[in-house]
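In what follows, every chain begins at residue 1, and chains take the letters A, B, ... in the order their sequences are listed. Predicted model, so just to flag it, every value in this text is computed and none were measured.
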Amino acid sequence: MTYNAGHYDVIVIGAGHAGVEAGLAAAKRGAKTLMLTLNLDLVAFMPCNPSIGGPAKGVVVREIDALGGAMGKVIDKTHIQMRLLNTRKGPAVRALRAQADKPLYIKEMKRVLESQENLTLRQGMVEKLLVEDDQIKGVVTETKAAYYAPTVIVTTGTFMRGRVIIGDLSYESGPNNQRTSVSLSEQLEELGIEMVRFKTGTPMRVNSRTIDYSKTEIQPGEQEPRFFSYETTEFITDQIPCWLTYTNEDTHKIINDNLGLSAMYSGMIKGTGPRYCPSIEDKIVRFNDKPRHQIFLEPEGRDTEEVYVQGLSTSLPEYIQKEMMETVPGLEKAEIMRAGYAIEYDSVVPTKLWPTLETKKISGLFTAGQINGTSGYEEAAGQGLMAGINAAAKALDLETLILDRSQGYIGVMIDDLVTKGTDEPYRLLTSRAEFRLMLRHDNADLRLTEIGHRIGTISDERYERFLEKKRVIEEEKNRLEQVILKPTDDVQAAIEESGGSTLKEAARATDLLRRPEMKYDVIAKLTPSDIPLSDEAAEQVEIQIKYTGYIKKALEQIERMRKMETKTIPEDLDYDEVHGLATEARDRLKEVRPLSVGQASRVSGVNPADVSILLVYIEQGNIARVSGE
Amino acid sequence: MEMDTITAISTPMGEGAIAIVRLSGPEAVTIADSLFQGKNLNQVESHTMHYGKLIDPETKEVAEEVMVSVMRAPKTFTREDVVEINCHGGLVSVNRVLEIALANGARLAEPGEFTKRAFMNGRIDLSQAEAVMDLIRAKTDRAMSVALKQMDGRLSNLIGDLRQKLLETLAHVEVNIDYPEYDDVEEMSNDMMREKTKEVLQEVEQLLETARQGKILREGLGTAIIGRPNVGKSSLMNALVHENKAIVTEIPGTTRDVIEEYVNVRGVPLRLIDTAGIRETEDIVERIGVERSRQVLKEADLILLVLNYGDEFTEEDKKLFEAVNDLNIIVIVNKMDLDPKLDLEEVKRSAGDHPVISTALIREEGIDQLENAIANTFFEGDLDAGDMTYVSNVRHVQLLKQARQALEDAQHGMDMGVPIDVVQIDVTRTWELLGEIIGDAVHESLIDQLFSQFCLGK
């Protein structure tokens, strides 16, 4: 017998990286939100590498922050090391990466969740979804508590029918030996939500006291204060290093000799693994001419001796894992604290989702995170945020939010997932974005704060600060456009000092700044602004002026793309009625059911002729409706 | 709604079969009539078919024997005036018909655009629309197979190779970006990128050159006659014209009448450009000094540089040589009948590898040798008639030109010190444009390349 445990607007199942952002965003929009998790001590747990950010992913964290999410704020408070990557390259690909203090991250995130208004945090295993007439009604836990809500977000990560494999050992389990969820997976399948089986893996953790660091190379953090969140004001300067070592021929021989014992190669694993996150046995098989592979030793926190052995992800038996490490400089005597393992799990076919992350099959049911076939904490968090925003919208009849490919990596990711699907765990890469130059880590706030404020996830106070920053940037850009610098001694000296060639005649400040070697700081010294700019504002002025030409070109492309994005397709369009579509295009369109002609054109198997036909058909419908035929 | 006139090949092509080039739009009949030798199409009844010859209005040559159907609005497929030109189905002939139509005011139709128009003109009800959509499907599929057939195997392979080269370069840049700590690969530098783009740019330019050569055969070899005053430029032109029974076209209406003359020299069509200028202003040296004039010369396929045997080799002559040195020139030493003052050795030194022909045009001497030299220039070396269909597809040429522009943008970016990940925008664009030529622009292949080329991951 179930009991009525209460009514909510939004129920979030799971409190991983997707779940916490979903719950927080929904609650911030004013939805009465319930978050159910298997283990309250493990909210926002990092079952794999102890790091957040990196190229593309780091930009996502910034985007999450600009839309009011928590990941950036929490990692800013709990990292042991933070670095800005790709500093020698262009602004479009710079990205922050932080090494996380895992236990501290959990603790801080739990505090954030507990202090969020409208959010109820509760431990409990959801046994089944309540569905009537393809409409979600709520959930029931194994303790027979029935919670009712018009929207439910499933963020169960790798827990659905999770199975851990180490050598020939295999058992039902979520990551880190947590309980799995079987009935939910079965029910989703029964409801007609298509599932696939994916695989991922993680390396062993070893005891720091048993590592000989003298045989490794130090990878220090940076002293420069860095931050993901625009709300962060305190910086952690006490940084802990990581360490680098390498595999060698001996390591590779052990792996080669024991390949048959690897779950990946013995046939025990059926799921598809990600190419960008291969096991060490995969690397050695596929690139057997490489004499060595990098191994990064990453501390899992300040108050723990556990060290993550990045690069040795494996499903080989534990004793082989030990033998392998004995060959690696610095790890000869390393004690395994947790063995590496592979994990297989069910995930939802993401083309069965609307771009809001609501399932097409069950109204009000959303899925977000690794369950949608992605991998990575940041990818999960980005989806969680969007699902939370949109579930609240549905429950409270607020504005829904779909980011397009020019607005953020989050938009790129969700569009890729729901439009193209994925046949391996999906990871964001900068090359997936066609407007990479516009999706920079430095301008995430400029891209999204406005939206965040409009939908109620960004406070008025922060919005005011943002508007001020924006105003300062625009004013300074306009000012520099008017400034003419004459070839005075001061100007020439400053140019020479920057390594450029001196002026022959007077030059516009903006033209001077466009020179590759020139920095805003130098220009600002020659022609100071009335009010000194903050570092971030100065960075914007410099980037926006330096790359004007490229930015303009990108904006034109975006404009063209938007034209097609604004031609909407009715959700219920019957593609069988559209004559002339190629069979493949028709099948794919029926599956994806794109919401715009732009989205339709990105569906694989849909060619320009199909797009033309679709346009004709839709236009015709519009005319028919207008004329009342 | 104001619309331009569109055209496209609307049948698949195979040697020997009939092909149809369709025109639709307000100018369809006018354009067709301007190309057609036979009945006046402007006056024929609607829905009738006529036999005649298709003339290239520029060269006045007979391009094709054709059957032309004229269907006037509104009882047509698009509800616009429609003309269908039935011609021989061979690659060269149908492309040629299409190009002539394009050169005379029609625009290349997008896939499905005929249907879109039918619809935009509001005459299709649901059932008819369905039928038309089916039809366009069929037509598009056929057009696709046409595009494939039009693709020379060598061209397709060459483009494929270029794309692979670009893709490897792109993957290299990507791995540096997405895996900054990956140590197995050298960081892609601007120098390496410059080298790669240069290679590809050269190949693209060569391909465009084959397109240009094909065009020469159809449109004539743009030929400019230059030289100081009184060296005999007009005599040279008259000699070529009289000898070859030129067709003179006068196009009035500009401030100065431009006269272009077409002559056929031993099978090589010459288009004598800006001849009015030669007649009216003798001060060619001054004009060459101007950058704009240089540009005009650059556009010429052949330069006939005339010198006076009875005069000394002057500073002006030297300047002329400098202005055209890297172009395709034939040096003509005229007035061999006069007392020699010109240092022939110096002329030969200045001419380098270019042929030097002696003439006395006033006595009609040396004209044979000149015509031989012109014919040799055209048929020698790269200008091999066998390669003429190499890149002839209009769309391909357009795409190649865009690719060239993108590569030049990339190089310009590198010159300006733009970071490599930004330069990459233009390189990626090149890769996509080349992909459009061979019908393959799937973005995912970059990611595939990334993971097959490099061993990545944690």
Side-chain angles (χ1 to χ4, degrees), chain A residues 48-49 54-56 85-86 88-93 203 219 244 274-278 282-283 286-287 290 293-294 296 310-311 313 420 429-432 434 436-437 514-517 547 550 553-554 577-582 604 607-613 615-617 619-620 623-624 629, chain B residues 110-113 115-116 118-120 122 124-126 129-141 143-144 170-171 173-174 176-184 187 409 413 416-425 428 439 442-444 446-448 450-452 454-458:
Chain A
C48 201
N49 58 325
L85 304 173
N86 288 335
R88 283 182 300 138
K89 302 190 184 81
V93 296
Q219 304 270 301
L244 172 63
R275 282 173 300 177
Y276 47 80
C277 189
D282 248 0
K283 293 187 201 175
R286 288 182 48 222
F287 295 89
K290 251 195 104 168
H293 295 274
Q294 289 167 315
F296 291 93
Q310 197 222 87
S313 172
K420 296 175 188 152
L429 297 161
T430 63
S431 53
R432 295 198 195 267
E434 46 281 80
R436 181 157 76 189
L437 184 59
R514 283 192 191 106
R515 291 183 171 194
E517 72 282 354
Y547 299 100
Y550 286 94
K553 213 149 89 174
E577 290 294 308
V578 186
H579 279 241
L581 288 176
S604 61
N607 64 36
D610 299 308
V611 174
S612 277
I613 288 169
L615 269 174
V616 168
Y617 186 85
E619 198 65 26
Q620 171 184 266
I623 288 174
E629 282 172 21
Chain B
E110 294 159 16
E113 196 171 3
T115 318
K116 266 197 243 171
F119 170 73
M120 293 301 234
I124 299 179
D125 70 21
L126 194 61
E130 285 166 2
V132 173
M133 279 190 252
D134 286 340
L135 186 70
I136 199 72
R137 168 87 262 152
K139 285 202 181 288
T140 312
D141 291 348
M144 216 141 52
L170 290 169
V173 178
E174 292 305 329
N176 292 156
I177 292 168
D178 275 327
Y179 295 86
E181 277 146 359
Y182 181 68
D183 65 343
D184 205 35
E187 177 125 2
D409 289 351
M416 295 299 293
V418 170
I420 201 151
D421 51 280
V422 179
V423 168
Q424 172 148 25
I425 294 171
T428 306
V442 185
H443 209 67
E444 195 68 16
L446 175 57
I447 287 155
D448 291 339
L450 192 62
F451 291 113
S452 62
F454 305 103
C455 178
L456 303 168
K458 56 189 177 187

Which residue out of B:Val422, B:Val423, B:Val173, B:Ile425 racks up the most heavy-atom pairs below 4.5 Å with chain A?
-> B:Val422

Greatest number of heavy atom pairs closer than 4.5 Å to chain B - which of A:Ser604, A:Gly54, A:Pro516 = A:Pro516

Under 3.5 Å: donor-acceptor pair, side chain of B:Asp421, backbone of A:Gly90 | yes

In terms of heavy-atom contacts, A:Tyr547 and B:Pro419 come closest through OH-CG, 3.1 Å

Could you tell me which non-hydrogen atom of A:Lys89 sits nearest to which non-hydrogen atom of B:Asn176, and how far apart they are?
-> NZ-O, 3.0 Å

A:Arg515 portion near chain B, given a 4.5 angstrom heavy-atom threshold | neither

Could you go through the side-chain contact (heavy atoms from CB on, under 4.5 Å) check for B:Glu181 and A:Leu244 one step at a time?
-> CA-CA 10 Å; B:Glu181 277 146 359; A:Leu244 172 63; over 6 Å; no

Among B:Ile177, B:Leu170, B:Asp178, find the residue that satisfies the side chain to side chain contact (heavy atoms under 4.5 Å, CB included) test when tested with A:Ser431.
-> B:Asp178

Side chains of A:Leu429 and B:Glu174: does their closest heavy-atom pair fall under 4.5 Å?
-> no

